[in-house]
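Notes for the one structure printed next.
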Amino acid sequence: TRWAIAIHGGAGGDPSKWNDEKRSARREGLEAALTIGRDLLAGGGSALDAVEAVIRSMEDNASFNAGRGAVLTKEGNAELDASIMDGRTRACGAIAGVTTIKNPISTARLVMTETKHVLLAGPGADAFAASQNVPLVDPKYFLSRRPGRSNSSTDTGQDPHFG
Amino acid sequence: TVGCVALDSAGNLAAGTSTGGTAKKLPGRVGDSPIVGAGTFADNASCAVSGTGVGEEYIRNAVAYDISAQMLYAGLSLESAVTEVMTERLKPGIGGLICVSHDGQIVMQHNTPGMSCGAADSGGRFETQLVLDN
(Lines give C-alpha, C1' and ligand atoms only; values in the text may rest on other atoms or scores of the structure.)
Protein backbone atom coordinates (compact mmCIF):
# COMPACT_ATOMS: atom_id res chain seq x y z
CA THR A 1 0.00 0.00 0.00
CA ARG A 2 1.54 3.28 -1.11
CA TRP A 3 -0.65 5.50 1.03
CA ALA A 4 -3.60 5.00 3.36
CA ILE A 5 -5.90 7.11 5.48
CA ALA A 6 -8.62 6.56 8.06
CA ILE A 7 -10.93 9.05 9.73
CA HIS A 8 -13.48 9.03 12.52
CA GLY A 9 -16.27 11.38 13.45
CA GLY A 10 -16.79 10.18 16.98
CA ALA A 11 -18.24 7.21 18.81
CA GLY A 12 -20.96 6.83 21.38
CA GLY A 13 -24.20 7.71 19.66
CA ASP A 14 -26.48 5.12 18.10
CA PRO A 15 -27.03 6.07 14.43
CA SER A 16 -30.21 4.00 14.34
CA LYS A 17 -31.76 6.70 16.54
CA TRP A 18 -30.74 9.56 14.25
CA ASN A 19 -33.18 11.12 11.82
CA ASP A 20 -32.48 11.08 8.10
CA GLU A 21 -31.24 14.65 8.11
CA LYS A 22 -28.61 13.96 10.73
CA ARG A 23 -27.51 10.72 9.10
CA SER A 24 -27.18 12.44 5.75
CA ALA A 25 -25.25 15.39 7.18
CA ARG A 26 -22.86 13.12 9.02
CA ARG A 27 -22.25 10.92 5.99
CA GLU A 28 -21.69 13.92 3.71
CA GLY A 29 -19.23 15.35 6.21
CA LEU A 30 -17.28 12.11 6.35
CA GLU A 31 -17.15 11.81 2.59
CA ALA A 32 -16.01 15.40 2.16
CA ALA A 33 -13.26 15.01 4.74
CA LEU A 34 -12.07 11.69 3.37
CA THR A 35 -12.00 13.09 -0.15
CA ILE A 36 -9.72 15.91 1.00
CA GLY A 37 -7.34 13.44 2.59
CA ARG A 38 -7.39 11.02 -0.32
CA ASP A 39 -6.67 13.72 -2.87
CA LEU A 40 -3.83 15.14 -0.82
CA LEU A 41 -2.14 11.78 -0.34
CA ALA A 42 -2.74 10.62 -3.90
CA GLY A 43 -1.06 13.83 -5.08
CA GLY A 44 2.04 13.09 -3.05
CA GLY A 45 1.17 15.25 -0.06
CA SER A 46 2.45 14.49 3.41
CA ALA A 47 0.59 12.52 6.06
CA LEU A 48 0.85 15.49 8.40
CA ASP A 49 -0.74 17.87 5.90
CA ALA A 50 -3.49 15.34 5.20
CA VAL A 51 -4.30 14.90 8.88
CA GLU A 52 -4.49 18.65 9.45
CA ALA A 53 -6.61 19.33 6.36
CA VAL A 54 -9.04 16.49 7.08
CA ILE A 55 -9.56 17.53 10.67
CA ARG A 56 -9.99 21.19 9.72
CA SER A 57 -12.79 20.09 7.41
CA MET A 58 -14.58 18.31 10.23
CA GLU A 59 -13.94 21.17 12.68
CA ASP A 60 -15.72 23.49 10.25
CA ASN A 61 -18.66 21.10 9.90
CA ALA A 62 -21.28 21.49 12.62
CA SER A 63 -22.26 17.83 12.29
CA PHE A 64 -19.25 16.81 14.37
CA ASN A 65 -18.23 17.34 17.98
CA ALA A 66 -15.16 19.45 17.24
CA GLY A 67 -14.78 23.10 16.34
CA ARG A 68 -18.11 24.53 15.18
CA GLY A 69 -20.89 22.39 16.57
CA ALA A 70 -18.91 21.07 19.54
CA VAL A 71 -20.82 20.05 22.64
CA LEU A 72 -21.06 22.50 25.51
CA THR A 73 -19.89 22.51 29.11
CA LYS A 74 -22.25 22.76 32.04
CA GLU A 75 -21.85 26.52 31.76
CA GLY A 76 -22.87 26.52 28.11
CA ASN A 77 -19.50 27.20 26.52
CA ALA A 78 -17.38 25.28 24.02
CA GLU A 79 -13.97 24.24 25.38
CA LEU A 80 -11.95 22.62 22.63
CA ASP A 81 -8.96 20.26 22.65
CA ALA A 82 -6.72 18.97 19.86
CA SER A 83 -3.44 17.20 19.25
CA ILE A 84 -1.28 16.15 16.33
CA MET A 85 1.79 13.92 16.06
CA ASP A 86 4.42 13.37 13.40
CA GLY A 87 5.49 9.73 13.12
CA ARG A 88 8.82 10.64 11.53
CA THR A 89 10.22 12.26 14.66
CA ARG A 90 7.55 11.69 17.32
CA ALA A 91 7.23 15.45 17.50
CA CYS A 92 3.82 16.43 18.76
CA GLY A 93 1.73 19.41 19.75
CA ALA A 94 -1.54 19.87 21.60
CA ILE A 95 -3.90 22.47 23.02
CA ALA A 96 -6.62 22.08 25.64
CA GLY A 97 -9.56 24.08 26.89
CA VAL A 98 -9.42 26.78 24.22
CA THR A 99 -12.41 28.95 23.47
CA THR A 100 -11.59 31.28 20.57
CA ILE A 101 -9.50 29.27 18.10
CA LYS A 102 -11.42 28.46 14.93
CA ASN A 103 -9.34 25.42 14.01
CA PRO A 104 -7.68 23.90 17.08
CA ILE A 105 -5.82 21.23 15.10
CA SER A 106 -3.82 23.85 13.23
CA THR A 107 -2.80 25.58 16.45
CA ALA A 108 -1.80 22.20 17.88
CA ARG A 109 0.50 21.83 14.90
CA LEU A 110 1.96 25.28 15.58
CA VAL A 111 2.67 24.24 19.17
CA MET A 112 4.62 21.34 17.66
CA THR A 113 6.55 23.35 15.10
CA GLU A 114 6.91 26.80 16.67
CA THR A 115 7.54 26.04 20.35
CA LYS A 116 9.67 23.69 22.41
CA HIS A 117 6.53 22.55 24.24
CA VAL A 118 3.96 19.81 23.70
CA LEU A 119 0.77 21.03 25.39
CA LEU A 120 -0.62 24.52 25.96
CA ALA A 121 -3.88 24.93 27.87
CA GLY A 122 -6.55 27.51 28.55
CA PRO A 123 -6.03 31.25 28.09
CA GLY A 124 -2.33 30.72 27.42
CA ALA A 125 -3.16 28.55 24.44
CA ASP A 126 -5.63 31.11 23.12
CA ALA A 127 -2.97 33.82 23.54
CA PHE A 128 -0.40 31.69 21.72
CA ALA A 129 -2.83 31.28 18.85
CA ALA A 130 -3.33 35.03 18.69
CA SER A 131 0.44 35.54 18.58
CA GLN A 132 0.61 33.20 15.59
CA ASN A 133 -2.09 35.14 13.72
CA VAL A 134 -4.34 32.13 13.31
CA PRO A 135 -8.05 32.78 12.74
CA LEU A 136 -9.84 33.54 16.00
CA VAL A 137 -13.59 33.67 16.45
CA ASP A 138 -16.14 34.87 18.95
CA PRO A 139 -17.01 31.89 21.17
CA LYS A 140 -20.57 32.17 19.86
CA TYR A 141 -19.25 30.85 16.52
CA PHE A 142 -19.12 27.37 18.03
CA LEU A 143 -22.79 27.48 19.03
CA SER A 144 -24.08 26.31 15.68
CA ARG A 145 -27.80 26.38 15.01
CA ARG A 146 -27.52 24.17 11.98
CA PRO A 147 -29.84 21.14 11.95
CA GLY A 148 -27.94 18.01 12.83
CA ARG A 149 -25.44 20.01 14.84
CA SER A 150 -23.59 18.31 17.64
CA ASN A 151 -24.31 20.86 20.36
CA SER A 152 -28.09 20.93 20.13
CA SER A 153 -30.06 20.45 23.32
CA THR A 154 -31.62 17.36 21.76
CA ASP A 155 -28.26 15.75 21.23
CA THR A 156 -26.94 16.56 24.67
CA GLY A 157 -30.02 15.10 26.27
CA GLN A 158 -30.53 11.93 24.30
CA ASP A 159 -27.39 11.17 22.35
CA PRO A 160 -24.31 11.92 24.43
CA HIS A 161 -21.03 12.55 22.70
CA PHE A 162 -17.87 11.17 24.16
CA GLY A 163 -14.64 13.09 24.43
CA THR B 1 -14.54 13.99 18.58
CA VAL B 2 -12.96 13.74 15.16
CA GLY B 3 -9.68 12.15 14.17
CA CYS B 4 -7.47 11.19 11.28
CA VAL B 5 -4.50 8.88 10.76
CA ALA B 6 -2.49 8.73 7.57
CA LEU B 7 0.42 7.04 5.84
CA ASP B 8 1.93 8.99 2.96
CA SER B 9 3.80 7.78 -0.08
CA ALA B 10 7.13 8.62 1.58
CA GLY B 11 6.34 6.13 4.33
CA ASN B 12 5.59 8.69 7.01
CA LEU B 13 2.76 8.35 9.51
CA ALA B 14 0.78 11.07 11.27
CA ALA B 15 -2.17 11.22 13.64
CA GLY B 16 -4.47 13.95 14.90
CA THR B 17 -7.54 14.30 17.09
CA SER B 18 -9.84 17.25 17.84
CA THR B 19 -12.85 17.50 20.12
CA GLY B 20 -15.28 19.49 22.14
CA GLY B 21 -15.22 16.87 24.89
CA THR B 22 -18.25 15.37 26.61
CA ALA B 23 -21.65 17.05 26.68
CA LYS B 24 -22.23 19.14 29.82
CA LYS B 25 -18.70 18.44 31.02
CA LEU B 26 -17.26 20.17 34.05
CA PRO B 27 -15.55 23.36 32.84
CA GLY B 28 -11.84 22.71 32.74
CA ARG B 29 -12.21 18.98 32.18
CA VAL B 30 -9.65 17.68 29.71
CA GLY B 31 -10.09 14.32 28.04
CA ASP B 32 -7.70 12.20 26.04
CA SER B 33 -7.70 14.15 22.79
CA PRO B 34 -4.84 16.52 23.68
CA ILE B 35 -2.97 13.90 25.69
CA VAL B 36 -0.37 12.40 23.40
CA GLY B 37 -0.14 8.69 24.05
CA ALA B 38 -3.75 8.47 25.23
CA GLY B 39 -5.93 9.63 22.34
CA THR B 40 -3.26 10.32 19.73
CA PHE B 41 0.04 8.69 18.81
CA ALA B 42 2.22 8.18 15.73
CA ASP B 43 5.55 6.44 15.20
CA ASN B 44 6.87 5.47 11.79
CA ALA B 45 8.17 2.23 13.29
CA SER B 46 4.72 1.00 14.21
CA CYS B 47 1.48 2.87 13.57
CA ALA B 48 -0.63 5.99 13.90
CA VAL B 49 -3.63 6.01 16.24
CA SER B 50 -6.57 8.32 16.98
CA GLY B 51 -9.23 7.51 19.56
CA THR B 52 -12.71 8.61 20.48
CA GLY B 53 -14.58 7.73 23.61
CA VAL B 54 -14.51 8.20 27.36
CA GLY B 55 -11.27 10.11 27.53
CA GLU B 56 -10.45 9.27 31.12
CA GLU B 57 -10.26 5.56 30.21
CA TYR B 58 -7.97 6.29 27.30
CA ILE B 59 -5.69 8.26 29.62
CA ARG B 60 -5.67 5.58 32.33
CA ASN B 61 -4.77 2.90 29.82
CA ALA B 62 -2.42 4.98 27.66
CA VAL B 63 -4.37 3.46 24.80
CA ALA B 64 -2.76 5.01 21.73
CA TYR B 65 0.79 4.43 22.91
CA ASP B 66 -0.04 0.96 24.16
CA ILE B 67 -1.07 -0.17 20.69
CA SER B 68 2.23 1.04 19.26
CA ALA B 69 4.14 -0.58 22.12
CA GLN B 70 2.41 -3.94 21.62
CA MET B 71 3.50 -3.89 17.99
CA LEU B 72 7.09 -2.91 18.80
CA TYR B 73 7.72 -4.95 21.94
CA ALA B 74 5.40 -7.94 21.60
CA GLY B 75 5.48 -8.20 17.85
CA LEU B 76 1.72 -8.12 17.53
CA SER B 77 0.00 -7.11 14.33
CA LEU B 78 -1.89 -3.83 14.39
CA GLU B 79 -5.20 -5.67 14.30
CA SER B 80 -4.26 -7.94 17.21
CA ALA B 81 -3.07 -5.02 19.29
CA VAL B 82 -6.23 -3.02 18.66
CA THR B 83 -8.47 -6.01 19.33
CA GLU B 84 -6.71 -6.71 22.64
CA VAL B 85 -7.21 -3.15 23.80
CA MET B 86 -10.79 -2.86 22.65
CA THR B 87 -11.98 -6.22 23.97
CA GLU B 88 -9.73 -6.96 26.94
CA ARG B 89 -8.55 -3.64 28.29
CA LEU B 90 -11.48 -1.29 27.76
CA LYS B 91 -14.95 -2.04 29.04
CA PRO B 92 -17.82 -2.26 26.54
CA GLY B 93 -19.29 1.08 25.55
CA ILE B 94 -16.12 3.08 26.07
CA GLY B 95 -15.25 4.18 22.52
CA GLY B 96 -13.38 3.45 19.32
CA LEU B 97 -10.06 3.65 17.51
CA ILE B 98 -8.80 4.25 14.00
CA CYS B 99 -5.26 3.16 13.16
CA VAL B 100 -2.94 2.73 10.22
CA SER B 101 0.26 0.71 10.35
CA HIS B 102 3.63 1.51 8.81
CA ASP B 103 2.79 -0.86 5.96
CA GLY B 104 -0.61 0.66 5.26
CA GLN B 105 -2.95 -1.70 7.07
CA ILE B 106 -6.05 0.13 8.32
CA VAL B 107 -7.82 -1.05 11.47
CA MET B 108 -10.99 0.58 12.82
CA GLN B 109 -12.84 -0.82 15.83
CA HIS B 110 -15.30 0.40 18.45
CA ASN B 111 -17.21 -1.09 21.36
CA THR B 112 -19.99 1.52 21.34
CA PRO B 113 -23.30 1.36 19.45
CA GLY B 114 -21.81 3.42 16.63
CA MET B 115 -18.70 5.09 15.31
CA SER B 116 -18.69 7.31 12.25
CA CYS B 117 -15.60 6.50 10.25
CA GLY B 118 -14.05 6.16 6.83
CA ALA B 119 -11.03 4.73 5.06
CA ALA B 120 -9.23 5.12 1.75
CA ASP B 121 -5.99 3.88 0.26
CA SER B 122 -3.90 3.79 -2.90
CA GLY B 123 -5.53 0.52 -3.91
CA GLY B 124 -8.80 2.30 -4.64
CA ARG B 125 -10.54 1.77 -1.34
CA PHE B 126 -12.91 4.61 -0.42
CA GLU B 127 -15.63 3.97 2.13
CA THR B 128 -17.48 5.75 4.91
CA GLN B 129 -19.67 4.17 7.55
CA LEU B 130 -22.00 5.36 10.28
CA VAL B 131 -22.12 1.94 11.87
CA LEU B 132 -18.96 -0.09 11.61
CA ASP B 133 -19.39 -3.85 11.55
CA ASN B 134 -16.56 -4.92 13.84
Side-chain angles (χ1 to χ4, degrees), chain A residues 1-15 23 26-27 30-31 34 37-38 41 44 46-48 50-52 54-55 58-59 64-67 70-71 73-75 78-88 90 92 94-97 104-105 118-119 156 160-163, chain B residues 1-9 12-28 30-34 36 39-44 48 50 52-55 95-96 98-100 103-104 106 108 110 112-123 126 128 130-131:
Chain A
T1 303
R2 197 165 54 84
W3 57 262
I5 184 170
I7 66 173
H8 71 74
D14 183 352
R23 291 173 64 90
R26 180 65 67 96
R27 188 176 294 281
L30 289 170
E31 290 179 354
L34 190 59
R38 178 197 63 186
L41 293 171
S46 74
L48 209 54
V51 165
E52 181 183 4
V54 163
I55 292 181
M58 291 194 280
E59 286 176 340
F64 299 104
N65 177 22
V71 297
T73 68
K74 282 182 178 177
E75 295 180 346
E79 292 185 358
L80 310 171
D81 310 326
S83 65
I84 193 165
M85 187 161 183
D86 184 347
R88 289 177 301 177
R90 296 214 281 183
C92 46
I95 56 174
I105 192 67
V118 169
L119 171 60
T156 55
H161 286 271
F162 290 158
Chain B
T1 304
V2 304
C4 179
V5 294
L7 168 72
D8 63 30
S9 52
N12 295 315
L13 290 166
T17 311
S18 181
T19 190
T22 53
K24 298 182 180 178
K25 68 183 178 182
L26 191 66
V30 174
D32 63 303
S33 295
V36 171
T40 304
F41 194 76
D43 183 342
N44 275 10
S50 174
T52 172
V54 180
I98 58 167
C99 314
V100 61
D103 59 358
I106 293 171
M108 305 185 291
H110 62 96
T112 48
M115 180 173 78
S116 304
C117 57
D121 65 26
S122 55
F126 186 95
T128 60
L130 298 182
V131 180

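Here the structure is a predicted model, which is why all the values come from computation and not from measurement. Keep in mind that the numbers below use all heavy atoms, side chains included, and drop hydrogens, waters and symmetry copies. Letters A, B, ... mirror the listed sequences (proteins, then strands); counts begin at 1.
Note: B/Ile98 leads B/Asp103, B/Val36, B/Ile98 in heavy-atom pairs under 4.5 Å with chain A. For the set A/Gly37, A/Ala4, A/Ala78, the count of heavy-atom pairs under 4.5 angstrom toward chain B peaks at A/Ala4. Contacts with chain A were tallied for B/Ala15, B/Gly96, B/Ala48; B/Ala15 has the most, counting heavy-atom pairs under 4.5 Å. Here A/Asp81 is the residue among A/Asp81, A/Leu41, A/Asp86, A/Val118 with the most heavy-atom pairs under 4.5 Å with chain B. Most heavy-atom pairs under 4.5 Å with chain B: of the set A/Pro15, A/Ala94, A/Pro104, A/Ala50, this distinction falls to A/Pro15. With respect to chain A, the highest number of heavy-atom pairs below 4.5 Å among B/Gly118, B/Cys99, B/Cys117 belongs to B/Gly118. For the options B/Ala119, B/Gly114, B/Gly3, heavy-atom pairs under 4.5 Å to chain A are most numerous at B/Gly3. Annotation: maximal heavy-atom pairing with chain A below 4.5 Å, among B/Thr17, B/Leu13, B/Val100, B/Asn12, occurs at B/Thr17. Note: B/Pro27 leads B/Ser50, B/Ser9, B/Pro27, B/Gly104 in heavy-atom pairs under 4.5 Å with chain A.
Considering every non-hydrogen atom in both A/Glu31 and B/Phe126, the closest pair reads O-CZ, 3.9 Å. Residues A/Ile105 and B/Gly16 come closest through the heavy atom pair CD1-CA, 4.3 Å. The minimum heavy-atom distance between B/Gly21 and A/Val71, with the atom names listed, is O-CG2, 3.2 Å. Heavy atoms only, all atoms of each residue included: A/Ala96 and B/Pro34 are closest at CB-CG, 4.0 Å. The shortest heavy-atom contact between A/Phe64 and B/Val2 is CB-CG1, 3.6 Å. Nearest heavy-atom pair across A/Leu80 and B/Gly20 is CD2-CA, 3.9 Å.
Taking CG of B/Leu26 as the reference point, atom CD of A/Glu75 lies at 8.5 Å (rounded to 0.5 Å). Taken from CD1 in A/Ile5 to OG in B/Ser122, the straight-line distance is 12.0 Å, to the nearest 0.5 Å. Taking CE of B/Met108 as the start and NE2 of A/His8 as the end, the distance is 11.0 Å to the nearest 0.5 Å.
Proximity to chain B involves both the backbone and the side chain of A/Arg2, based on heavy atoms less than 4.5 angstrom apart. Proximity to chain A (any heavy atom under 4.5 Å) is shown, for B/Val5, by both the backbone and the side chain. Proximity to chain A is limited to the side chain of B/Ile106, based on heavy atoms less than 4.5 angstrom apart. Interface remark: B/Ala120 contributes backbone and side-chain atoms alike to the contact with chain A (heavy atom separation under 4.5 Å).
For the side-chain contact (heavy atoms from CB on, under 4.5 Å) test, residues two or more places apart in sequence or in another chain that qualify with A/Ala47 are B/Ala6, B/Asp8, B/Ala14. Under the side-chain hydrogen bond (donor to acceptor under 3.5 Å, both in side chains) criterion, B/Asp43 pairs with no residue at all, not counting sequence neighbours.
A distance-only check finds no donor-acceptor pair linking the side chain of B/Ser33 to the backbone of A/Ala82 [under 3.5 Å]. Of the possible donor and acceptor atoms, one in the side chain of B/Thr52 sits under 3.5 Å from a partner among the backbone N and O of A/Ala11.
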Next item on the list: Could you give me the CA-CA distance, side-chain angles and deciding distance for A/Leu30 and B/Leu130, then say whether side-chain contact (heavy atoms from CB on, under 4.5 Å) is met?
Entry: CA-CA 9 Å; A/Leu30 289 170; B/Leu130 298 182; 4.0 Å; yes
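Side-chain contact check for B/Lys25 versus A/Glu79: some heavy-atom pair is nearer than 4.5 Å. Contact check for B/Ser18 versus A/Met58: no side-chain heavy atoms found under the 4.5 Å cut-off.
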